[in-house]
Amino acid sequence: MKNRMCWLATLLVFAAALCAAPAHAEDGYDLWLRYRLLAPAQVQHYRPHAAELVAGDATPTQTVTRDELQRGLSGLLGSAIPLASTVTHDGAIVVGTPASSSLIAGLKLDLQDLGDDGYLIRSVVANGHAITVIAGRNDIGALYGAFQFLRLLQTTQPIDRLDLRDAPHIKLRVLDHWDYLNGQVERGYAGASIWDWWKLPDWRAPRYTDYARANASIGINGTVLNHVSSGATILTHDYLQKAAALAGVFRAYGIRVYLSVRFSAPIEIGGLKTADPLNPQVQAWWHAKADEIYALIPDFGGFLVKADSEGQPGPKDYGRTHADGANMLADALAAHGGVVMWRSFVYADKPDDDRAKQAYQEFKPLDGRFHANVLLQSKNGPVDFQPREPFHPLFGAMPHTPLMMEFEITKEYLGFATHPVYLGPLYEEVLAADTLAHGKGSTVAKVIDGSLDHHALTGMAGDANIGTDRNWSGSDFNQANWYVFGRLAWNPTLSSRDIAEEWVRMTFSNNPAFVKPVVAMMMGSREAAVDYMTPLGLLHLMGPGHHYGPAPWDASEAEADWRPVYYHRADRQGIGFDRSRSGSDAVDQYAPSLAAQFNDVQQTPEQFLLYFHHLPWNYRMRSGRTLWYELVAHYTQGVEDVQQMRDTWQHLDGYIDAERYRQVAAFLTIQQREAQWWRDACIAYFQSVSGLPLPPGFAPPQHPLAYYQSLSFPYVPGFSSW
């Protein structure tokens with residue numbers, strides 16, 4: 001009996017411990033939607049403004065809106081919020097549209113300029129009670145408003161006198177998944193694909209709903225399910241049924257499904273002998289395929305197309321233009337309201353030319369020749385998602401064609417998942433860049449939001465960093481890049497610093513002693529990575545193919561413009577790619593005044609210096625030091641900045657949960673080690689080329705150049721030789 005009583009006592013203690021434990025482990029799964037209990041003072045402040053919830057459930061979107069508010073408010077305030085059919089107390093929260101709520105209709109709120117996705121949050125008096133109204137013209141606008149209201153509480157903002165109006169600046173806010181049907185994710189550093197194609201359409205994993213919630217919370221309204229280099233299988237009926245199942249999960253959250261399509265699909269799965277876009281049989285096949293898709297997915301978004309690029313088939317195989325190919329697909333989708341997102345990332349192996357010029361050369365002559373439901377999707381820079389490169393010259397150069405921005409969220413060139421690099425400053429730098437296309441103030445943001453050239457069809461795409469890891473993105477800090485993409489796709493003029501603070505507060509803590517240093521760390525992280533990887537306008541120094549680690553010496557690739565040596569062109573005399581008028585003349589793809597600036601070495605911003613100019617090692621920089629000195633200094637500064645990030649994080653132990661704290665600490669250790677590797681390998685190589693001694697005061701590389709050149713990485717995650 002005594003042993004039994006001891007056992008029972010132990011069991012009771014264990015049960016009590018389980019009850020006292022948090023309901024959710026802090027493993028990063030909840031992202032920025034953690035809804036953890038706020039501090040007592042905040043709960044006391046907010047409680048009178050959340051006395052009851054008046055929200056309909058007549059449609060799926062109304063239901064998820066009501067459920068999200070209940071989930072968020074009860075988590076943040078510590079107890080459930082009563083549901084009511086009408087306002088009975090001060091502090092009621094009323095959410096809906098004029099069509100779904102007679103109270104909202106009676107308030108006669110001005111919602112017309114909010115569009116389909118906008119919302120209004122206002123403190124008003126109705127039926128004699130002080131209440132908060134969250135309203136949209138449509139259900140999805142009200143959902144977005146609900147997420148914004150919860151965001152205010154999560155970040156401890158005042159809510160007693162609200163009058164907020166907001167609507168997205170960009171129509172299509174899309175994640176591009178680089179996922180294959182076998183579960184592999186190219187450039188994916190967070191595990192396998194979250195789409196379990198084998199079990200679809202019958203099994204719809206709960207994670208799909210959480211994915212939709214996360215995207216809706218930041219305004220993302222589209223998802224491309226498969227890789228741009230996928231085969232044609234995704235267009236077969238079995239897989240369209242699987243895509244339809246996912247669309248059914250996402251629909252209530254305002255998210256449309258898109259598919260990457262292979263241009264040669266009429267041959268591969270259609271039994272035709274050609275994919276010529278001007279062939280009537282080919283056109284009929286695509287029309288029939290569009291009809292089949294929309295019969296299964298009535299709100300299907302459209303096609304993403306990679307054609308005539310990196311070996312992919314396309315219209316040029318038949319002597320046709322990109323406009324011919326895009327327009328053929330656009331015609332097939334037009335009757336259903338679908339769009340074509342046609343990628344401009346095209347280049348061929350032309351060793352005597354400049355890869356950075358080729359997209360402009362291909363597409364600039366086609367301006368105005370694309371049909372109304374075609375967007376030209378261009379990467380932020382002319383080469384390939386580098387740590388830093390100038391904005392793509394197509395932005396501002398095609399006034400008669402809607403241009404859609406493509407950012408890379410997955411960090412293919414920025415340390416994969418283990419370098420905590422916040423991409424908000426990169427995105428903001430590009431969006432704020434002035435194209436000068438119509439004079440000063442013609443920013444890239446104004447190009448892509450349609451305001452510069454009066455386009456109604458607008459878009460921004462982000463190449464996703466999402467996988468099956470519990471924390472979704474391979475590390476907690478990589479979640480911030482998903483988050484900032486969504487927020488900037490909603491409004492490309494927002495501050496990346498403000499977004500970082502928002503994310504830190506929602507994801508970790510509202511404690512200023514934590515928030516301030518972490519935001520500062522995030523805001524400096526991208527510049528640190530540029531310094532220890534590719535300073536002063538260098539780019540593409542990564543190991544070819546897998547893009548992991550430094551390999552500035554590598555010339556092994558068959559195609560010249562896949563070789564790092566192609567981009568830096570270092571020799572005994574100097575370093576840099578001459579894109580001035582005396583070189584490849586890439587400068588003249590920009591507006592005349594900007595071209596003149598980039599052409600003049602004295603006016604070129606030093607952050608782009610070696611992108612536009614080949615300069616002697618002893619060239620005098622604005623600091624008065626030589627180029628060689630400045631290059632070594634930047635590489636060294638990058639390592640020191642990462643050390644400072646580690647020091648900052650070490651002082652934050654105890655402010656957040658131990659699990660996530662330890663992971664970030666471990667990844668910062670990896671980052672510092674690899675930053676040192678980058679610094680030493682690049683300095684060792686460029687010193688061997690230049691023949692110059694290290695500037696005084698700088699430590700030599702830890703190993704000889706031959707050591708760094710001997711390293712190999714045959715199993716880098718997220719890469720296959722396809």
Side-chain angles (χ1 to χ4, degrees), residues 16 19-26 30-55 65-96 103 119-135 142-164 166 213 217 498-519 652 654-658 660:
C19 292
H24 301 280
E26 290 283 19
D30 290 335
L31 298 163
W32 48 87
L33 300 176
R34 292 169 61 245
Y35 300 146
R36 297 299 193 266
L37 182 64
L38 294 169
Q42 291 296 332
V43 173
Q44 185 177 5
H45 174 70
Y46 289 140
R47 255 296 173 188
H49 303 284
E52 61 187 8
L53 177 61
V54 182
T65 302
R66 183 199 63 188
D67 292 350
E68 194 71 35
L69 282 167
Q70 285 188 291
R71 178 178 184 167
L73 292 170
S74 62
L76 294 166
L77 303 182
S79 60
I81 306 302
L83 283 172
S85 58
T86 187
V87 173
T88 61
H89 293 84
D90 285 352
I93 299 169
V94 180
V95 59
L103 188 151
Y119 58 83
L120 176 148
I121 308 175
R122 182 174 292 171
S123 303
V124 301
V125 175
N127 298 340
H129 295 289
I131 67 171
T132 301
V133 171
I134 304 172
L143 174 63
Y144 290 148
F147 277 117
Q148 173 61 21
F149 182 74
L150 291 171
R151 186 180 294 125
L152 295 175
L153 272 66
Q154 288 177 277
T155 57
T156 66
Q157 305 303 306
I159 63 168
D160 48 344
R161 296 178 182 175
L162 291 172
D163 190 9
L164 304 178
D166 200 11
R213 287 179 56 237
S217 76
D498 291 347
I499 296 171
E501 179 171 340
E502 198 175 78
W503 176 81
V504 170
R505 289 178 175 274
M506 297 167 72
T507 304
F508 289 114
S509 170
N510 278 298
N511 190 329
F514 180 85
V515 173
K516 186 175 180 180
V518 172
V519 170
L652 298 175
Y655 284 96
I656 64 170
D657 56 284
R660 292 185 299 165

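When a residue number appears, it is its place in the shown sequence, counting from 1.
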Taking atom [atom1] of [X] and atom [atom2] of [Y], what is their separation to the nearest 0.5 Å?
{"X": "H49", "Y": "L73", "atom1": "NE2", "atom2": "CG", "result": "12.5 Å"}
{"X": "R34", "Y": "S509", "atom1": "CZ", "atom2": "OG", "result": "8.5 Å"}
{"X": "Q70", "Y": "I81", "atom1": "CD", "atom2": "CD1", "result": "9.0 Å"}
{"X": "I159", "Y": "L150", "atom1": "CD1", "atom2": "CG", "result": "10.0 Å"}
{"X": "F147", "Y": "Y119", "atom1": "CZ", "atom2": "OH", "result": "12.0 Å"}
{"X": "Q148", "Y": "L153", "atom1": "CD", "atom2": "CG", "result": "10.5 Å"}

May I ask you to test the [X]-[Y] pair for a side-chain heavy-atom distance under 4.5 Å?
{"X": "L152", "Y": "L162", "value": "yes"}
{"X": "T156", "Y": "Y46", "value": "yes"}
{"X": "Q42", "Y": "L76", "value": "no"}
{"X": "R151", "Y": "M506", "value": "yes"}
{"X": "H45", "Y": "L38", "value": "no"}
{"X": "F149", "Y": "I93", "value": "yes"}
{"X": "I656", "Y": "L652", "value": "no"}
{"X": "V54", "Y": "T86", "value": "no"}

I need the minimum non-hydrogen distance between [X] and [Y], along with the two atoms involved.
{"X": "P512", "Y": "P517", "result": "O-CD, 3.9 Å"}
{"X": "L77", "Y": "A50", "result": "CD1-CB, 3.8 Å"}
{"X": "I134", "Y": "G145", "result": "CG2-C, 3.5 Å"}
{"X": "D160", "Y": "S123", "result": "O-OG, 3.3 Å"}
{"X": "A142", "Y": "G96", "result": "CB-O, 3.8 Å"}

Next on the checklist: Considering only residues two or more places apart or on different chains, which pairs with a residue in residues 124-135 satisfy side chain to side chain donor-acceptor pair (under 3.5 Å)?
Outcome noted: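 Non-adjacent pairs meeting side chain to side chain donor-acceptor pair (under 3.5 Å): D90-H129.
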Checklist entry - How would you list, by chain and number, every residue that makes a ring pair (Phe, Tyr, Trp, His ring centres under 6.0 Å) with F508, sequence neighbours excluded? => result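 Scan of F508 (ring pair (Phe, Tyr, Trp, His ring centres under 6.0 Å), adjacent residues dropped) gives F477, W503, F514.
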Next on the checklist: How about CD on Q44, more than 12 heavy atoms from neighbouring residues, nucleotides or ligands closer than 6.0 Å, or not?
Outcome noted: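 No, because the 6.0 Å sphere around CD of Q44 holds 12 heavy atoms or fewer from other groups.
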Checklist entry - Partners of R660 by salt bridge (Lys or Arg N to Asp or Glu O under 4.0 Å), sequence neighbours excluded? => result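 If we apply the salt bridge (Lys or Arg N to Asp or Glu O under 4.0 Å) test to R660, skipping adjacent residues, the hits are E26, D657.
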Could you check whether any side-chain N or O of [X] sits under 3.5 Å from a backbone N or O of [Y], counting only pairs where one atom can act as donor and the other as acceptor?
{"X": "N510", "Y": "Q154", "result": "yes"}
{"X": "E68", "Y": "A146", "result": "no"}
{"X": "S74", "Y": "R71", "result": "yes"}

